[in-house]
Every structure is written in C-alpha cells, then in structure tokens.
Amino acid sequence: MTPANLADTVLSAARAVFETRGLDVGALPATTTVERPRNPEHGDYASTLALQLGKKVGVAPRELATALAEELGRRDGVKSVEIAGPGFLNIRLDAAAAGVLARDIVLAGSAYGRTERLAGERVNLEFVSANPTGPVHIGGVRWAAVGDALSRVLRTAGADVGTEYYFNDAGSQIDRFARSLLAAAKGEAAPEDGYGGAYIAEIAADVVKAEPEVLSQDPEAAQETFRRVGVDLMFAEIKKSLTEFGVHFDTYFNEKDLHDRGELQEALDRLREQGHIFESDGATWLRTTDFGDDKDRVLRKSDGDWTYFAADCAYYLDKRKRGFERVVIMLGADHHGYIGRMKAMAACFGDDPAKNLEILIGQMVNLVREGEPVRMSKRAGTVVTLEDFVEALGVDATRYALARYSSDSPIDIDIDLWTRASRENPVYYVQYVAARTASAARQAEALGVTRGEPGDFRADLLDNEKDNELLKTLGEYPETVAFAAEHREPHHVARLLEKIAGAYHRFYDEPACRITPKNADDPVTDGHRARLWLNDATRTVIANGLALLGVSAPERM
RNA sequence: GCGCUCGUAGCUCAGCGGAUAGAGCAACGGACUUCUAAUCCGUGGGUCGCAGGUUCGAAUCCUGCCGGGCGCGCCA
C-alpha cells in the first residue's frame with residue numbers, strides 16, 4: 001500500500017461515514033494526503049482530514065475522527081487507527097500491506113515516481129541563456145544544474161515541458177566581443193570595454209586558423225569575420241560544456257529571429273490593441289505601471305531602435321503562441337528587478353501573470369576553497385566557469401551540490417567537502433547506496449538468493465522496524481517528486497534521497513535484515529528473498545532520483 | 001527612498017498550515033574475522049530576528065519593525 005492508496009482509502013472511509021450520518025458529501029475534498037508523523041509513536045501515517053472537515057460540516061473534529069477511525073479500521077491493510085489531540089488519525093499498516101510496496105517499486109522500475117499531477121500542463125522552461133561572449137559562468141552553472149533537474153522533475157510529474165536557451169548574437173555585447181577578438185589577434189591590449197581572459201586569445205587564434213586571411217581584411221570586415229566565426233566557436237564551446245554537463249535544450253532560440261520575423265512589431269501591435277501603449281518624448285512606451293511596475297517601460301526608443309525589453313515582450317508572446325501556458329524563466333538574483341516589469345508585461349497582454357509567467361530567482365553561488373571564495377578562472381579571468389566547477393568537483397558532485405539547495409539560498413560550495421569520500425559529502429553518501437545495493441544484489445546472486453516470482457513474495461516478512469522505516473521512506477518518493485514539480489524546487493528530491501540513504505544504511509546494518517545468509521551453509525529463507533526485493537526497490541528509487549538530478553548511480557565505488 | 005529576497009543549533013542548511021522544530025559538520029563516547037565501516041549507534045546543543053494579527057493549530061500565511069544581500073537606465 002502506497003501513501004497515495006492509503007489517502008484514497010481514508011477519503012473513501014470518510015465518504016462512507018458522511019453517507020451513513022447524512023452529512024454533506026460535497027464538503028469532501030477531491031483528494032487528500034496522509035503524512036508521515038515525526039514521532040514514531042504516532043503511527044506510520046497520519047491524516048488531518050477530520051480536523052479539516054469538522055468545522056465545515058458542523059461536527060466536532062474529535063467526534064468525526066472517532067467515526068472515521070472506526071470505519072477506516074475495517075479496511076484491508078489497516079492495522080490500527082488511533083485518535084490523538086484535536087482529531088488526528090494515527091494509522092498503522094499491516095506489515096504485509098506496507099511490504100508489497102517493495103515489489104511494486106521493483107516491477108515499476110524507472111516508472112516508479114511518475115504521477116499525473118501536472119498532466120496536461122505545457123511548461124516552457126528557460127534557463128542559462130548566456131550570450132555567446134564567453135564561457136558559461138557561475139550563475140549559469142547553478143541554473144544549468146537546477147533547471148535541467150527541474151525539467152526532468154516536471155516531466156516525471158506529467159507535464160509537457162520544453163526547455164529553452166535564449167541568446168543574442170547581434171547586440172553591442174557581441175560587438176565588444178568581436179573587437180576584443182580582433183585586438184587579441186593583432187596582439188593588442190583588450191579594448192577599454194572589452195572582454196578579458198585567456199579564452200579571448202584562444203578563440204581569436206581559432207578564428208585566424210579557420211579564416212587565415214582575416215587579418216589582411218579591412219578593419220570593419222575583419223571585425224565582422226571575428227564576430228561571425230567567433231560567435232560560432234564560442235557557442236559551440238558553450239554547447240559542448242553543457243553537453244558534457246549532461247544538459248541539453250530542446251530549443252536554442254536566437255533573439256535575431258524575433259526581429260527577422262517582425263515579432264517585435266507584432267507584440268507592440270498586440271499590446272496597443274490591449275490599450276497599454278502610449279507615445280512620449282518621441283518614444284513608444286508600455287504602461288506597465290497599470291499592473292504594479294515601478295515605472296513605465298520604453299519599447300521603442302526615440303531613435304527608432306527597439307529596446308531589449310521589447311524583445312522580451314516579443315519572446316514571451318512567441319512562447320505563448322507556441323502553446324505554452326506556463327512560461328517559466330530562471331534568472332540570477334541580479335536580475336530580480338525584472339520581475340515587476342515582466343509580470344506587468346504579461347498582464348498587459350491580457351494574461352494572468354500569476355499563472356502564465358513564473359520568474360524563478362537563483363541566489364548567488366560561490367565556489368570555496370579553504371574557506372575563501374574562488375573568484376578567478378584560469379581561462380575566463382574574472383569569473384568562475386562551468387569548466388572550473390567540473391574540473392574541481394566532477395560532474396556528479398557539481399550537479400548534486402547545486403541541485404540540493406533551495407535556489408532561494410545563497411550557497412558556498414566547498415571544494416574540499418564535495419570531493420571527500422565520506423558521509424559528510426551528500427553525493428557520496430547517496431551514491432554509496434547505489435553501489436551498496438548493487439553489491440548486495442551481486443552477493444545475493446552469488447549465493448543463490450533470488451527474488452523469485454512476484455507472486456511468491458512474502459511481504460509480511462518485512463516486519464522489522466528498519467524494513468518498515470525504509471519502506472515508508474521509499475513510499476514518499478512519488479509525492480516528493482510531484483511536490484518538487486509543483487513548487488519548482490528540485491532540491492526536495494535530493495533531500496529525500498539522503499533520507500532514503502540513511503534508512504537503507506540502517507536497514508543494511510541491522511543483523512535481522514540480512515539479504516543473504518550469515519554463513520555460507522545457512523539456508524536461504526523467504527526472509528532473505530523478501531529483503532532482496534526491498535534492496536532492489538531501494539536501488540530503483542535511488543537510481544530514479546539521481547537520474548532526475550542528472551547524477552550517475554554507480555554499481556561499484 | 002521604492003522593490004525583491006533572506007534571517008531556524010557554534011557552522012552549512014532542510015522543514016513553508018499540523019503534534020515534543022530536524023540533518024550533516026564541529027565536540028565527546030561506542031560498533032569492523034563486513035551481504036563494501038565510503039557505514040552505523042549514543043550524548044550534549046534552539047526565545048525558528050522582534051512585535052502584533054488570522055487559525056482548532058504558525059518556523060510556515062498576513063502586517064509592521066530590525067538586520068544582511070541584491071536591484072531600481074530611451075544599457076544589453
């Protein structure tokens with residue numbers, strides 16, 4: 001019995017109680033959940049349904065709880081129901097009912113954890129979105145890890161997700177990049193407002209290699225060559241490092257396309273139809289203050305040029321036209337000032353800014369060595385890059401370290417901690433469970449312990465406290481993934497994996513919970529076989545969870 | 001000044017409407033002829049920044065204040 005099954009059972013028991021007592025069945029919620037009490041004395045699961053409904057239907061919560069407890073206690077798999085406090089229902093399950101979860105998980109395999117919670121939702125997830133003027137740096141790295149994990153979490157919860165990387169290879173930043181390349185190729189110092197760092201010289205040299213005649217072109221043509229070829233090389237490098245990091249995007253969207261297709265004008269027209277456009281000082285403005293922004297925003301400057309914000313509007317409209325009703329944009333903390341205007345812009349289009357546009361803000365990340373933030377990159381000069389991260393920690397530890405914290409928290413990633421092979425390092429702690437379950441399974445195979453047919457599985461033998469704790473923790477997985485998806489917070493998945501890891505290690509250390517006989521000549525029992533199911537179920541959940549985070553689940557360590 | 005965000009154990013952080021607030025680290029003490037000790041067990045440690053409010057119930061939601069970070073261009 002999964003927590004979701006139990007919750008359904010609680011709800012159906014409540015319906016039965018309501019019917020026999022003539023209470024308003026309409027007051028019942030469509031779904032309910034059970035939670036795991038902190039205090040083990042409070043049973044395996046607790047329901048607060050009586051508490052929530054008592055007032056609604058005019059029955060004392062305690063009285064309602066009593067009737068509910070009696071009805072629920074008659075259901076299959078429910079061992080006991082106690083009433084506590086103002087009307088909590090503390091539920092205990094039969095060992096057999098709890099234990100079948102191990103088999104269910106193994107049989108579900110990689111599908112365990114999937115739900116329909118977000119079924120039918122089309123979500124566009126935009127993250128990283130760095131312009132091709134340099135390597136992906138520290139803020140982008142956080143979003144690469146968190147955004148990619150979130151996309152997988154959303155899909156697992158049933159959403160239809162498109163991931164997207166937005167870039168611009170035409171603006172003034174790119175001109176600075178091109179001038180910097182040209183200067184580097186000529187052996188001159190970087191321009192005043194240009195880009196520094198060794199990578200500029202590397203890219204410049206690569207451009208010269210690809211276009212040997214470039215330096216004999218006139219300066220304007222040369223700069224254009226450096227721009228065109230340099231952007232290609234830089235972007236290829238960004239994609240390569242993201243690919244090595246395990247991150248790929250469904251769509252790489254170039255701002256230029258918005259201009260070429262006239263989408264900025266289209267967005268302006270649309271906003272004008274909605275009545276939020278005005279002209280002032282020769283410029284064209286969007287009256288975002290109608291929807292809570294601090295000030296109105298210019299879309300088209302008095303010199304006729306479009307603003308960056310105008311492109312943002314067009315891009316948003318483009319995503320909406322592609323059928324995404326949830327546009328999610330992940331930005332660094334330094335961009336949080338955009339939230340107001342972006343939300344207002346969505347409202348100006350006639351959308352619901354609370355539903356159609358979500359802006360997630362990621363706080364700062366520091367890579368720390370010996371207590372001091374690492375500030376400089378070998379290649380990029382002033383910033384720490386994705387390569388620096390991977391070089392220092394490896395892909396698994398980098399992804400896990402970044403995905404295990406709430407994006408709201410500024411974090412310091414300590415190189416020494418995250419490369420340590422011990423309990424202190426969460427990624428090793430979790431990965432060790434993957435290795436340990438695999439090792440235990442190999443050992444079982446060598447000693448002739450097999451799970452046997454699903455029908456022969458003896459769930460009732462998983463009656464040790466450690467079995468029960470591990471089962472309950474594994475049972476939390478689908479709800480945790482769904483919760484993480486709804487809240488756009490993949491770190492909950494990592495935290496649950498750590499909890500599962502703890503429960504597994506304690507199970508493993510319990511002499512009563514052995515998967516194989518202690519001595520080679522001892523007989524193999526149904527208990528060993530039942531625990532092999534539980535061992536394999538754990539491996540399944542750990543592997544599924546790590547896959548959501550883009551981290552490997554090694555068979556051996 | 002306005003806005004966003006954070007404030008939970010000595011440190012790094014979970015918990016975000018449920019019961020006596022948790023984990024790791026750090027301190028101290030235990031368990032290896034191992035189904036991998038890369039593990040486990042135990043002990044101590046807290047006015048959940050402060051003050052009100054909503055609620056049967058608040059670390060969690062609302063308001064105000066205090067403190068830290070960040071942002072407030074016809075830049076991109």
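Residue numbering restarts at 1 for every chain, and letters A, B, ... go by the order of the sequence lines. Just so you know, these numbers come straight off a predicted model, no measurement behind them.
- In this model, a side-chain donor or acceptor of A/Tyr338 finds a partner on the base of B/A76 within 3.5 Å.
- Of the candidates B/C16, B/C35, B/G18, B/G18 carries the atom nearest the A/Phe88 side chain, counting heavy atoms from C-beta on.
- For B/C74, the base has no donor-acceptor partner in the side chain of A/Thr307 [N/O atoms by modelled type, under 3.5 angstrom].
- Note: A/Trp533 and A/Phe457 have tilted aromatic rings, judged against thresholds of 30 and 60 degrees for the angle between ring planes.
- Between A/His276 and A/Phe291, the ring-plane angle classifies as perpendicular under the 30° and 60° cut-offs.
- Ring-plane geometry between A/Tyr400 and A/Trp418 is classed as tilted, the angle between the planes lying from 30 to 60 degrees on a 0 to 90 degree scale.
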Base-contact (B) and sugar-phosphate-only (S) positions in nucleotides 3-12 of chain B, heavy-atom cut-off under 4.0 Å, - elsewhere: BBSS------
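- In A/Glu192, the CD atom is not crowded: 12 or fewer heavy atoms of neighbouring residues, nucleotides or ligands sit closer than 6.0 Å.
- Nucleotide B/G42 forms a Watson-Crick or G-U wobble pair with B/C28, both donor-acceptor distances falling under 3.5 Å.
- When the P atom is compared between B/C50 and B/C66, the two are found 15 Å apart, to the nearest whole Å.
- Using cut-offs of 30° and 60° on the angle between ring planes, the pair A/Phe235 and A/Phe167 is tilted.
- With the nearest nucleotide of RNA chain B identified for both A/Lys295 and A/Ala444, A/Ala444 has the one nearer the 5' end.
- With RNA chain B read from its 5' end, the first of the two nearest nucleotides for A/Tyr308 and A/His491 is the one closest to A/His491.
- Atom name P, nucleotides B/U60 and B/A19: the rounded distance is 13 Å, in whole Å.
- Atom NZ in A/Lys499 sits about 13 Å away from atom P in B/G24, given to the nearest Å.
- Between the side chain of A/Asp312 and the base of B/A76, no donor-acceptor pair under 3.5 Å is found.
- In the set B/G24, B/A19, B/A76, B/G24 carries the atom at the smallest distance from any side-chain atom of A/Arg423.
- Checked against B/A76, B/A19, B/C74, the side chain of A/Ala84 finds its nearest nucleotide in B/A19.
- Nucleotide B/G3 has B/C70 as its partner under the Watson-Crick or G-U criteria, with both atom distances under 3.5 Å.
- Between A/Tyr338 and A/His335, the ring planes are perpendicular. Angles over 60° get that label, and only those under 30° would be called parallel.
- The base-pairing partner of B/U63, taking Watson-Crick or G-U wobble contacts with both distances under 3.5 Å, is B/A51.
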